[in-house]
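So that we are looking at the same thing, I have put the structure below in structure tokens.
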Amino acid sequence: MLPTLDDVLQLDAVRRGQPHVVAGADRTGNRVRWVHVAEVTDIAHLLHGGELVLTTGIALPDEPDRLRTYISELAEVGVSGLMIELGRRYLSVLPPALISAAEDHGLPVIVLAHEPAFVDITESVHARIVQDQFAELRASEQLHEIFTQLSVEGASTDEVVRQVASLGGHPVVLENLAHQVLAADANGADPSELLSAWETRSRAVRPGRRTGYDESSGWLVTMVGARGEDWGRLIIDLGAPPSARDTVLIERAATTLALGRLLDRHAESVERQAHGTIIARILAHAYSDPQEAAARARALGVPLSGRRLLGVVLRHRGPATSAPPVGELNALAETAAAACKDARLAALVGVLDEGGPHARVGVLASLPARADVETALTEVATRIRKQSGDTVMAAGSVVETIRDVRRSFLEAEQVADVAARGAGARLFYRLPDLRLRGLLHLLRDDARVQTFVERELGPLLEYDAQRGSDLTRILELYLESGRNKAVAAQQAHLSRPAFYERLRRIERVLDADLDDVESCVSFHVALLALSSVRWERS
């Protein structure tokens, strides 16, 4: 943190000159980046801003217009202040034109009544600057060491957030892209007060940069994500503009959270880990060429080229509210691998998204062209049921290429999530008619869906949050009624003119035409997705 002019005025080398601020007294909080001694007036083009200019004034002009130009040029380049020694050019006071120009441009001017040694001033200020920069560097190094250790130890999200609150001395919140709280530490304050109406308050805070400070809320905010995919925001409730250390703290913490999400892996058998890695990379389209995936799988004894491929997901029944025990998932993966081997079904079997609430066992089955899918699935499911009775097994559609494997797995995951909430006793499940609402519910944690919701409905949600209105509900009633305004107005308990006025207001806020079918479809999908996210967090 650079010293301010006020800090400089307290240095012994400056105080010996008996300094007195004669202009710009309200700007002595300006930061001083460097000290420059200059007697000539044509100096502004050599400066970069943030300098404290020292001069005896001996070369300053007599003409008021030229003095005003001198001050104007210094202010324009952004110097932090002008310090003038009395006694050589000016005996006791500065010219009125210089002082008035400095006041007009907000440039602090300090006179030194006693002749100082400029070299003492420059040495003292520069030493202070270097000292502060070293302290800042040391603080940054300490934060780096702390968060590196947290990363190495595999610290949980809650632990990282706790550390940020402890190191910064302020409340901290980690939220997802839908402004739902994932973790929070009030740092001794009332958690209820910190999180009260959180979504409404958070939606109003958009710093405009990846890391930025919002003056109205007093929040320092940074995006959290890796590989170009943001999935949340980390927020420190500072209540005042951040220091350089605060910025380093929040950005280092965000990096640790992003790495933790990427690297949170637990020990498992080498074979299962290898299988799981190939499946995960296929699902993420991480292979530049599908043939690379085929070659890697073939090296593990599982041919993928020229085969019928099928995505299968296994998970335990019940809601995915917390991470399943690692040991149970690894045991289920080994059971599934053994079942596939006994049924003579070539397959990659591994744990996917291990450590998260949606962790499950993935099976990429590879079938010959003439194999009967139902028979193969029945044989594998029967063997798994004998070893793990409370397991849901779901299969996607059969695909012909590696590029389409992701679609088969997505179907299987949708089916598994729906089946896990029921009490059916089938050996395995295939894709039922989930409808759009069910599909969006299953995708509620996907950052891309949350981003879509914010893009489509963000302005309307912010409008409601700021004014306490219910335009989002009005839009929902209108779309759910099949765009029948009369029916929607009746459901909203409003007269038709009042309801029509609200629809016009919605169109202005969203900059959209509600008579456009495609726009209404997009808004309806976004509302369904928003409902799924809010239902999950309620």
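Given the structure is predicted, the values throughout are model-derived calculations rather than measurements.
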**OP:** Apply the salt bridge (charged side-chain N to carboxylate O under 4.0 Å, His left out) test between Glu462 and each candidate in Arg201, Arg203, Arg206; give the one that qualifies.
**Re:**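 Exactly one pass, corresponding to Arg206.
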Subject >> Flag side-chain contact, heavy atom, 4.5 Å: Leu220 against Asp237 >> reply: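 Answer no - side chains too far apart.
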Original post:
Rounded to the nearest 0.5 Å, what separation is found between the NZ atom of Lys485 and the CG atom of Leu494?
Top reply: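 Rounded to the nearest 0.5 Å, the NZ-CG separation comes out at 14.5 Å.
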Original post:
With distance as the sole criterion, is a donor-acceptor pair present between the side chains of Glu175 and Ser202 under 3.5 Å?
Top reply: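 Yes, side-chain donor-acceptor contact under 3.5 Å.
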**OP:** Return yes when atom CD of Glu193 has more than 12 non-hydrogen atoms of other residues, nucleotides or ligands closer than 6.0 Å, and no otherwise.
**Re:**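 Check fails, neighbour count at 12 or below.
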**OP:** Ignoring hydrogens and angles, state whether a donor on the side chain of Glu251 or Thr222 is under 3.5 Å from an acceptor on the partner side chain.
**Re:**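 No.
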Subject >> Validation row: Val21, Thr28 side chains within 4.5 angstrom (heavy atoms) >> reply: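 Contact flag for Val21/Thr28 side chains = yes.
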Subject >> Non-hydrogen atoms of Leu82 and Leu52 that approach each other most closely >> reply: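 Looks like N-CD1, 4.2 Å.
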Subject >> Side-chain donor-acceptor contact under 3.5 Å, Thr56 with Glu85 >> reply: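 No, because no side-chain N or O of Thr56 sits under 3.5 Å from a partner of the opposite role on Glu85.
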**OP:** Under the side-chain contact (heavy atoms from CB on, under 4.5 Å) rule, what do Leu107 and Ile71 come out as? Steps first, then yes or no, please.
**Re:** CA-CA 8 Å; Leu107 177 65; Ile71 294 297; 4.0 Å; yes
Subject >> Glu480 and Glu476, any side-chain heavy atoms less than 4.5 Å apart >> reply: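 Contact flag for Glu476/Glu480 side chains = yes.
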Subject >> Which atom of Thr200 lies closest to which atom of Ala465, heavy atoms considered >> reply: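 That would be CG2-CB, 3.1 Å.
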Original post:
Going through the checks in order, is the side chain to side chain donor-acceptor pair (under 3.5 Å) test met by Asp7 and Thr4?
Top reply: CA-CA 5 Å; Asp7 296 327; Thr4 65; 3.2 Å; yes
Original post:
Is there a donor-acceptor contact under 3.5 Å linking the side chains of Glu51 and Ser80?
Top reply: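 The answer is no; no qualifying pair exists.
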Original post:
Given Val525 and Glu456, is the side-chain contact (heavy atoms from CB on, under 4.5 Å) satisfied, shown in steps?
Top reply: CA-CA 9 Å; Val525 172; Glu456 293 297 307; over 6 Å; no
Original post:
How far apart are the closest heavy atoms of Ala258 and Val224, and which atoms are they?
Top reply: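 Shortest heavy-atom contact: N-CG1, 4.2 Å.
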Original post:
Is the number of heavy atoms from other residues, nucleotides or ligands under 6.0 Å of Glu454 CD greater than 12?
Top reply: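 Atom CD in Glu454 is packed in, count exceeds 12.
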Original post:
What's the verdict on side-chain contact (heavy atoms from CB on, under 4.5 Å) for Leu457 and Leu475, showing C-alpha distance, side-chain angles and the deciding distance?
Top reply: CA-CA 10 Å; Leu457 300 175; Leu475 177 62; 4.2 Å; yes
Original post:
OG1/Thr472 to CG/Leu477 distance, rounded to the nearest 0.5 angstrom?
Top reply: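 Output value for this atom pair is 11.0 Å.
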Original post:
If you take all heavy atoms of Arg33 and Ile129, which pair is closest and at what distance?
Top reply: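 Heavy atoms of Arg33 and Ile129 come nearest at O-CD1, 3.2 Å.
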Original post:
Is it the case that Ser216 and Asp214 place a side-chain donor and acceptor less than 3.5 Å from each other?
Top reply: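 Their side chains do contain a donor-acceptor pair, which is all the 3.5 Å distance test asks for.
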Original post:
For Arg210, does the CZ atom have more than 12 heavy-atom neighbours from other residues, nucleotides or ligands under 6.0 Å away?
Top reply: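 Counting neighbours around CZ of Arg210, more than 12 heavy atoms of other residues, nucleotides or ligands fall under 6.0 Å, so yes.
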Original post:
Does Arg406 reach the side chain of His285, with side-chain heavy atoms less than 4.5 Å apart?
Top reply: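 The answer is yes, as the side chains (C-beta and beyond) meet within the 4.5 Å cut-off.
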Original post:
Tell me, do Trp219 and Ile236 make a side-chain contact under 4.5 Å, heavy atoms counted?
Top reply: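 With C-beta onward as the side chain, the pair stays apart.
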Original post:
Looking only at heavy atoms, which two atoms of Ala44 and Leu74 are closest? And how far apart?
Top reply: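 Smallest interatomic distance, heavy atoms only, reads CB-N, 4.4 Å.
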**OP:** Identify whether the distance between the nearest side-chain nitrogen and carboxylate oxygen of Arg504 and Glu501 falls below 4.0 Å.
**Re:**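 Salt bridge flag = yes for Glu501 with Arg504.
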Subject >> Leu91 side chain reached by Leu86 side chain, heavy atoms, under 4.5 Å >> reply: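 The answer is no; the side chains never approach within 4.5 Å.
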**OP:** Go through Leu177 and Met223 one step at a time and tell me if the side-chain contact (heavy atoms from CB on, under 4.5 Å) criterion holds.
**Re:** CA-CA 9 Å; Leu177 296 181; Met223 300 301 298; 4.0 Å; yes
Original post:
Between His126 and Trp34, what is the ring plane arrangement, given parallel below 30°, perpendicular above 60°, and tilted in between?
Top reply: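 Answer is parallel, since the angle falls under 30°.
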Original post:
How many angstroms lie between CG in Asp230 and CG in Asn176, if you round to the nearest 0.5 Å?
Top reply: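 Atom-to-atom, Asp230:CG and Asn176:CG are 12.5 Å apart.
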Original post:
Are side-chain heavy atoms of Val14 and Ser124 found at a separation under 4.5 Å?
Top reply: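 Heavy-atom side-chain distance check fails, nothing below 4.5 Å.
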Subject >> Interatomic spacing from CZ in Arg233 to OG1 in Thr211 - rounded to 0.5 Å >> reply: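 Rounded to the nearest 0.5 Å, the CZ-OG1 separation comes out at 11.5 Å.
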Original post:
Are side-chain heavy atoms of Phe523 and Leu528 found at a separation under 4.5 Å?
Top reply: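 The answer is no; the side chains never approach within 4.5 Å.
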Original post:
Just how far is it from atom OH of Tyr478 to atom CZ of Arg483, taken to the nearest 0.5 Å?
Top reply: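 With rounding to 0.5 Å, OH (Tyr478) is 5.0 Å from CZ (Arg483).
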Original post:
Does one side chain, of Arg252 or Thr148, offer a donor that lies under 3.5 Å from an acceptor on the other?
Top reply: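 Judged by distance alone, the side chains do pair up.
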